[in-house]
Visitor: 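Below you will find the structure I want to go over with you.
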There are 2 protein chains.
Amino acid sequence: MLLGDLIGFHLRLATTRMMNDLRPALADLELRPVLFAILELVRVNPGIIQMRVGDELGVQRANLVPLINELMKRGAIKRKIAKHDKRAYSLYLTATGELLHDRAKRVVLEHEERILKRLNATDRNKLRWLLDEVAVD
Amino acid sequence: MLLGDLIGFHLRLATTRMMNDLRPALADLELRPVLFAILELVRVNPGIIQMRVGDELGVQRANLVPLINELMKRGAIKRKIAKHDKRAYSLYLTATGELLHDRAKRVVLEHEERILKRLNATDRNKLRWLLDEVAVD
DNA sequence: TATTGTTATACTCTATAACTATA
DNA sequence: TATAGTTATAGAGTATAACAATA
């Protein structure tokens, strides 16, 4: 390990390693990490506005469009015009989407366990908390 | 914050936020985060083999080639055939490269302080340690 | 046989600007 | 005026495969 003290380096490397494990694991379901993230977010927050998905995941709204289209073409998500705002779309999983998410979630949980096996529950909570403190305003 | 418990989400978002702050900060020097990472690694480990740089930063050797070329064209780094392996290149900063790195390092340290201002020294060390435990082996 | 650096390629990600329709 | 979604585009990141030179 030649890396220095800069947190950015360690963050970058941890992310790369995690994605290098997750990507092939999800490939069997023809999903990429970002697509799973969308499915998860919509599953847990049904009716969520499309823009909000972008905000939560750090994906700009322009870049979100083709991702949403991809999931709609596969019949995994559906949209309705938002109740109180005709400009916005509310997102929902279809039955197909829920099945896909169920299978993907299992793959992702196995992946997280594989990647975090050296950390106990306390450390994992601490890590989550520390990451959330990064770059908050 | 609608995000769930999955560490991957929090890692992804922290990385995005950090890069969104660092990228424009380095743009004044016409550097990108990955180029600074290479400068830093070569500065601290003069003579490092090109392949090793890729390993340390999680960049594949094929993708490293144009990055090294970019820094050589700018006269920031130079190469020599490695002492004990004619296939490999040892990398060094030029005087120009050291000056560029000095200026970039100042920008990066300010950036890290901005991003991590909510964390004290203990938390920062803990974060670095936790990130290093992610995906070892 | 395996490894370092290279080339080529395809795909994905990301940032930016401009447009529309609604608010 | 501002916001949600869209389109278009260019640049950067990433994965894969194949090759030459050397180990």
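Note that these values count all heavy atoms, side chains included, but never hydrogens, waters or copies made by symmetry. Within every chain, numbering begins at 1; the chains are lettered A, B, ... in the order of the sequence lines, protein sequences first and strands thereafter.
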Visitor: Quick one: OG1 on Thr94(B) to CE on Met72(B), what's the gap to the nearest 0.5 Å?
Guide: 11.5 Å
Visitor: Could you tell me the separation between the CG atom of Leu57(B) and the P atom of dT14(D), rounded to a whole number of Å?
Guide: 11 Å
Visitor: To the nearest Å, give me how far apart CD1 (Ile77(A)) and P (dG5(D)) are.
Guide: 11 Å
Visitor: Can you check nucleotides 12-16 of chain C for protein contacts, nitrogen or oxygen pairs under 3.5 Å, and list what you find?
Guide:
| residue | atom | partner | partner atom | Å |
| --- | --- | --- | --- | --- |
| dT12(C) | O3' | Arg32(A) | NE | 3.3 |
| dC13(C) | OP1 | Arg32(A) | NE | 3.4 |
| dC13(C) | OP2 | Arg32(A) | NE | 3.4 |
| dC13(C) | OP2 | Arg32(A) | NH2 | 3.2 |
| dA15(C) | OP1 | Asn20(B) | OD1 | 2.9 |
| dA15(C) | OP1 | Arg23(B) | NH2 | 3.4 |
| dA15(C) | OP2 | Gln60(A) | NE2 | 2.8 |
| dA15(C) | O5' | Gln60(A) | NE2 | 3.3 |
| dA15(C) | N7 | Asn63(A) | OD1 | 3.3 |
| dA15(C) | N7 | Asn63(A) | ND2 | 3.0 |
| dA15(C) | N6 | Asn63(A) | OD1 | 2.9 |

Visitor: Give a yes or no on whether Leu39(B) and Leu99(B) share a hydrophobic cluster (residues Ile, Leu, Val, Met, Phe, Trp, Tyr; joining criterion: side-chain heavy atoms under 4.5 Å apart).
Guide: no
Visitor: Distance from Ile77(B) atom CD1 to Leu71(B) atom CG, nearest 0.5 Å?
Guide: 5.0 Å
Visitor: Got a list of side-chain donor-acceptor pairs under 3.5 Å for residues 28-35 of chain B, not counting sequence neighbours?
Guide:
| residue | atom | partner | partner atom | Å |
| --- | --- | --- | --- | --- |
| Arg32(B) | NH1 | Glu70(B) | OE2 | 3.0 |
| Arg32(B) | NH2 | Glu70(B) | OE1 | 3.1 |

Visitor: Quick check with a 6.0 Å cut-off and a 45 degree axis cone: is Lys80(B) positioned over the face of Tyr89(B)'s six-membered ring?
Guide: no
Visitor: Any luck finding a side-chain donor-acceptor pair between Arg128(A) and Asn125(A) under 3.5 Å?
Guide: yes
Visitor: Quickly work out the Glu56(A) CD to dA4(D) P distance and round it to whole Å.
Guide: 13 Å
Visitor: Measure the distance from CD on Glu30(B) to P on dG11(D) and round it to the nearest whole Å.
Guide: 14 Å
Visitor: Taking CG from Leu22(A) and P from dA15(D), how many angstroms apart are they, rounded to a whole number?
Guide: 12 Å
Visitor: Counting only non-hydrogen atoms, which of residues 82-91 of chain A are less than 4.0 Å from DNA chain C?
Guide: Asp85(A), Lys86(A), Arg87(A)
Visitor: What I'd like to find out is whether the side chain of Ile7(B) reaches to under 4.5 Å of the side chain of Leu119(A), using heavy atoms alone.
Guide: no
Visitor: Establish whether Tyr92(A) and Val65(A) are linked, either directly or via other cluster members, by ILVMFWY side-chain heavy-atom contacts under 4.5 Å.
Guide: no
Visitor: With ring pair (Phe, Tyr, Trp, His ring centres under 6.0 Å) as the rule and sequence neighbours excluded, what pairs involving residues 32-62 of chain A come up?
Guide: Phe36(A)-His101(A)
Visitor: Within the structure provided, determine whether Leu127(B) and Val134(A) are in side-chain contact (heavy-atom separation under 4.5 Å).
Guide: yes
Visitor: Whole-Å distance between dA12(D) C1' and Leu35(B) CG?
Guide: 11 Å
Visitor: Between Arg124(B) and Glu133(A), is there a side-chain N and carboxylate O pair less than 4.0 Å apart?
Guide: no
Visitor: Asn69(A) CG to dT6(D) P: how many Å, rounded?
Guide: 6 Å
Visitor: May I ask you to say whether Arg43(B) pairs ionically with Asp102(B), meaning some side-chain N is under 4.0 Å from a carboxylate O?
Guide: yes
Visitor: Which parts of residues 39-49 of chain B get close to DNA chain D, meaning a heavy atom less than 4.0 angstrom away?
Guide: none
Visitor: Regarding Arg61(B) and Gln50(B), do their side chains bring together a donor and an acceptor under 3.5 Å, going by distance alone?
Guide: no
Visitor: Taking CZ from Arg79(B) and P from dT4(C), how many angstroms apart are they, rounded to a whole number?
Guide: 14 Å
Visitor: End-to-end bend of the helix from dT1(C)-dA23(D) to dA23(C)-dT1(D) (five-pair axes, 10° rounding)?
Guide: 20°
Visitor: Between OG1 of Thr16(B) and CD of Gln60(A), what distance do you get to the nearest 0.5 Å?
Guide: 10.5 Å
Visitor: Does a side-chain N or O from Arg61(B) land closer than 4.0 Å to OP1 or OP2 of dT7(C), or not?
Guide: no
